[in-house]
Amino acid sequence: MCWLATLLVFAAALCAAPAHAEDGYDLWLRYRLLAPAQVQHYRPHAAELVAGDATPTQTVTRDELQRGLSGLLGSAIPLASTVTHDGAIVVGTPASSSLIAGLKLDLQDLGDDGYLIRSVVANGHAITVIAGRNDIGALYGAFQFLRLLQTTQPIDRLDLRDAPHIKLRVLDHWDYLNGQVERGYAGASIWDWWKLPDWRAPRYTDYARANASIGINGTVLNHVSSGATILTHDYLQKAAALAGVFRAYGIRVYLSVRFSAPIEIGGLKTADPLNPQVQAWWHAKADEIYALIPDFGGFLVKADSEGQPGPKDYGRTHADGANMLADALAAHGGVVMWRSFVYADKPDDDRAKQAYQEFKPLDGRFHANVLLQSKNGPVDFQPREPFHPLFGAMPHTPLMMEFEITKEYLGFATHPVYLGPLYEEVLAADTLAHGKGSTVAKVIDGSLDHHALTGMAGDANIGTDRNWSGSDFNQANWYVFGRLAWNPTLSSRDIAEEWVRMTFSNNPAFVKPVVAMMMGSREAAVDYMTPLGLLHLMGPGHHYGPAPWDASEAEADWRPVYYHRADRQGIGFDRSRSGSDAVDQYAPSLAAQFNDVQQTPEQFLLYFHHLPWNYRMRSGRTLWYELVAHYTQGVEDVQQMRDTWQHLDGYIDAERYRQVAAFLTIQQREAQWWRDACIAYFQSVSGLPLPPGFAPPQHPLAYYQSLSFPYVPGFSSW
Ligand code: GCV
């Protein structure tokens with residue numbers, strides 16, 4: 001008896017242990033065996049699976065449910081052609097399943113991609129039905145059903161319906177055709193262009209699964225500043241091979257296009273958007289693309305920005321350029337995502353104002369299949385910026401959000417900074433464009449100004465690292481982007497909890513502290529990097545580490561000193577009416593608030609105002625004191641995160657535990673470096689003594705200024 005018991009325990013341990021070391025590859029789709037009580041609870045609701053396989057999407061839906069349920073519940077779920085037992089799961093659409101058609105479910109308002117999951121009685125049996133109007137809705141529903149089990153939610157009396165709020169939910173890859181990824185901290189590009197189209201790595205399918213599981217339905221394969229080669233026939237065939245892998249998962253391929261492509265690969269002398277030959281070239285190119293990729297999504301364009309060619313080279317407007325490309329795609333149903341990230345080196349003006357200045361006058365002048373894609377803030381994906389003033393200012397143009405998922409300015413791969421609170425803060429910000437409640441989320445989901453064409457893009461953090469994103473915690477940023485692109489009103493805390501449960505463990509003793517740690521992580525980074533509305537203090541070009549003293553960049557508005565404007569008297573960029581007047585790019589009541597230093601939220605204080613070091617903050621302390629206190633707080637918060645993690649040893653696999661622990665050590669060292677370097681520098685400028693009770697920087701300023709980093713990832717080689 002005793003040996004039998006030992007054997008059973010051993011067998012149970014084997015079942016619970018992962019088949020291979022946990023290396024993060026499985027992302028949030030791990031489908032590991034649930035605890036015995038949960039298995040017992042769910043098993044009766046997964047007695048058989050009735051799922052079609054008449055289309056590729058139906059097949060992958062069925063396969064995912066089989067894979068997920070067998071992993072979570074420990075044994076395969078039998079396939080059935082019709083319901084024969086209580087506890088059957090039926091998935092499909094009215095067209096693919098006569099049973100679903102017979103149930104006469106209210107699917108009308110689910111749109112193209114929505115789903116319904118309901119506990120019903122069919123053929124005399126209590127079953128769960130997962131239905132969409134289209135195959136893709138059913139696939140999204142299947143992923144949601146699996147998520148319920150993965151996060152141990154009840155599934156016995158289900159009545160869920162959900163549909164995406166945003167139409168285009170897109171990843172932008174900053175990947176070059178040579179395999180490098182700009183701002184990539186997770187290895188090389190996952191697209192093996194050299195071996196495509198013949199070799200389609202299995203990883204492409206897992207990429208599609210992961211994206212579909214969170215509702216992402218588009219991918220821009222190449223860098224926004226790419227050359228024109230991607231539009232040559234050979235490369236279009238490679239892109240078509242990828243599109244072929246992604247199609248079953250509802251993911252469309254888009255390409256970044258270079259405005260001067262008609263010259264570079266078309267043999268024309270001009271790329272003027274009003275030139276008939278240029279227009280004909282793009283029409284022919286669009287026809288060629290759609291012949292290879294019938295569901296091609298469209299073009300992403302970075303034009304007249306950071307040295308990229310564009311319509312202004314020919315005296316034309318952004319609207320002329322975007323419309324010309326849009327016309328070439330229109331007959332095929334494609335769109336143009338035209339970026340608003342433009343600025344020129346005009347040191348006398350304020351870089352933060354330039355996108356608004358160029359685009360606001362063009363409102364209403366873009367054709368129906370153009371979206372204007374704006375970064376979340378007016379400068380460049382800083383740890384904190386106010387929302388971009390174009391949101392709410394262009395009612396006649398569909399505005400698309402661009403978030404950066406890769407952590408160019410937030411600690412690269414190694415600082416576990418969860419970006420959910422950043423995204424949520426921006427989406428929930430009130431533009432006041434049409435009175436109170438005109439949130440950024442309502443601008444981009446189209447509800448504020450009645451746009452049907454809507455979109456959200458995320459600059460991907462994906463590379464060839466086994467764990468895809470350079471660290472396990474960075475996966476959460478990919479995840480939260482997808483979930484918020486589906487519904488920009490979701491709570492980043494809820495999403496964090498979902499992700500932790502799926503990625504690591506459902507044990508509340510683990511979930512609770514880790515979610516709390518994630519939720520505080522972005523504020524900690526703001527504090528140790530750029531508190532109180534400071535921004536762009538990072539090292540020149542590579543953006544690694546602190547360099548608030550730096551003035552070496554060729555362009556004035558790339559230099560930290562341009563942004564913080566610290567001198568003996570004070571610090572901050574005056575964007576009030578007595579300064580650059582960027583405040584007046586916001587709706588009048590918001591402009592009035594930002595213009596008044598007393599009413600400006602302290603988190604944006606130095607973004608909008610230049611203030612004396614002894615300015616009295618709401619705490620009653622001086623600005624100098626608060627600055628030092630924030631920098632110090634950031635380091636203490638990271639120490640707290642490390643302590644939290646140290647108490648969690650043993651709750652998850654050793655492999656991932658160890659890597660997070662190591663990365664937190666790096667983060668703490670670098671947070672201290674940020675604090676000390678910034679305090680040393682600002683002290684050298686202000687000439688003020690450190691407020692009492694605060695430790696002095698560990699090294700003199702000259703030490704921090706002497707550091708150099710020739711091989712920073714994501715930068716040095718491009
Ligand atoms: C893709 C900033 C970043 C660049 C990025 C650019 C853009 O300049 O540092 O890496 O290039 O924005 O978004 O176009």
Side-chain angles (χ1 to χ4, degrees), residues 170-186 189 219-227 230 254-259 299-310 312 318 337-346 351-352 354-355 358-359 371-383 385 388 390 400-413 419 426 456-463 470 481 529-530 535-545 547 550 552-560 562-563 709 712-718:
V170 182
L171 285 184
D172 290 359
H173 285 265
W174 286 354
D175 296 19
Y176 287 107
L177 300 187
N178 67 3
Q180 290 172 358
V181 183
E182 181 169 333
R183 312 305 179 187
Y185 313 107
S189 170
T219 178
V220 184
L221 299 175
N222 59 320
H223 191 281
V224 281
S225 308
S226 290
I230 191 72
Y254 297 74
L255 295 175
S256 293
V257 297
R258 189 162 163 90
F259 202 76
F299 296 149
L300 171 66
V301 191
K302 172 173 178 172
D304 294 316
S305 167
E306 297 188 324
Q308 291 304 306
K312 288 170 84 181
H318 288 287
M337 300 176 291
W338 191 269
R339 295 177 94 220
S340 79
F341 180 69
V342 295
Y343 62 93
D345 185 20
K346 293 196 267 177
R351 164 173 162 181
Q354 294 185 22
E358 285 193 29
F359 284 96
L371 297 109
L372 186 61
Q373 178 170 311
S374 247
K375 292 190 178 182
N376 58 270
V379 176
D380 191 17
F381 298 136
Q382 296 301 301
E385 283 179 62
H388 201 299
L390 281 174
M400 180 168 176
M401 173 63 76
E402 179 173 342
F403 281 128
E404 192 173 47
I405 308 174
T406 189
K407 300 209 313 293
E408 172 184 358
Y409 295 102
L410 279 135
F412 294 9
L419 298 177
V426 175
M456 194 194 280
D459 301 321
N461 63 353
I462 296 163
F481 166 76
M529 290 182 178
T530 52
L535 49 76
H536 223 303
L537 306 184
M538 293 74 189
H542 52 62
H543 300 160
Y544 172 66
D550 193 80
S552 66
E553 287 276 19
E555 308 214 5
D557 48 14
W558 284 354
R559 301 175 191 152
Y562 169 90
Y563 289 100
F709 306 96
V712 175
F715 170 72
S716 49
S717 47
W718 53 270

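Counting convention: from 1, in listed order, for ligands and their atoms alike. The structure displayed is predicted, hence computed values, not measured ones. Computation of the quantities below employed the complete heavy-atom set of this structure, encompassing side-chain atoms and omitting hydrogens, waters and symmetry-equivalent molecules.
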**Asked** Do you know the tightest heavy-atom contact between G714 and Y185?
**Response**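 Closest heavy-atom pair between G714 and Y185: CA-CE2, 4.4 Å.
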**Message:** Quick check: closest heavy atoms across R258 and G227, and the distance to 0.1 Å?
**Reply:**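 That would be CD-CA, 3.6 Å.
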Within-cut-off N or O pair, [X] and ligand 1, under 3.5 Å:
X: Y343; answer: no
X: W174; answer: no
X: E182; answer: yes
X: R183; answer: yes

Is any side-chain heavy atom of [X] closer than 4.5 Å to a side-chain heavy atom of [Y]?
X: F259; Y: D304; answer: no
X: E404; Y: W174; answer: yes
X: K312; Y: V342; answer: no

**Message:** Under a 4.0 angstrom heavy-atom cut-off, which atoms of ligand 1 come close to H223?
**Reply:**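 Going through ligand 1 atom by atom, the ones under 4.0 Å from H223 are 1 (C).
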**Request:** Give the numbers and elements of all ligand 1 atoms closer than 4.0 Å to a heavy atom of H543.
**Result:**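 Selected atoms, number and element: 9 (O).
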**Prompt:** Under a heavy-atom criterion of less than 4.0 Å, does E404 contact ligand 1?
**Reply:**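 No, E404 has no heavy atom closer than 4.0 Å to ligand 1.
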**Prompt:** Applying a 4.0 Å heavy-atom criterion (strictly less than), which segment of D459 is in contact with ligand 1: side chain, backbone, both, or neither?
**Reply:**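 Near ligand 1, D459 shows nothing, with every heavy atom at 4.0 Å or more.
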**Message:** Using a 4.0 Å heavy-atom cut-off, which part of F341 comes near ligand 1: side chain, backbone, both, or neither?
**Reply:**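 Answer for F341: side chain.
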**Request:** List the steps and the verdict of ring-ring contact (aromatic ring centres under 6.0 Å, His included) for H543 and F715.
**Result:** CA-CA 9 Å; H543 300 160; F715 170 72; 7.4 Å; no
**Message:** Please state which option from K375, K302, E408 has its nearest heavy atom closest to atom 12 (O) of ligand 1.
**Reply:**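 Among K375, K302, E408, the closest heavy atom to atom 12 (O) of ligand 1 belongs to K375.
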**Request:** Determine the sole option in Y562, Y563, W558 for which the ring pair (Phe, Tyr, Trp, His ring centres under 6.0 Å) test with H536 is passed.
**Result:**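 Output: one option passes, namely Y563.
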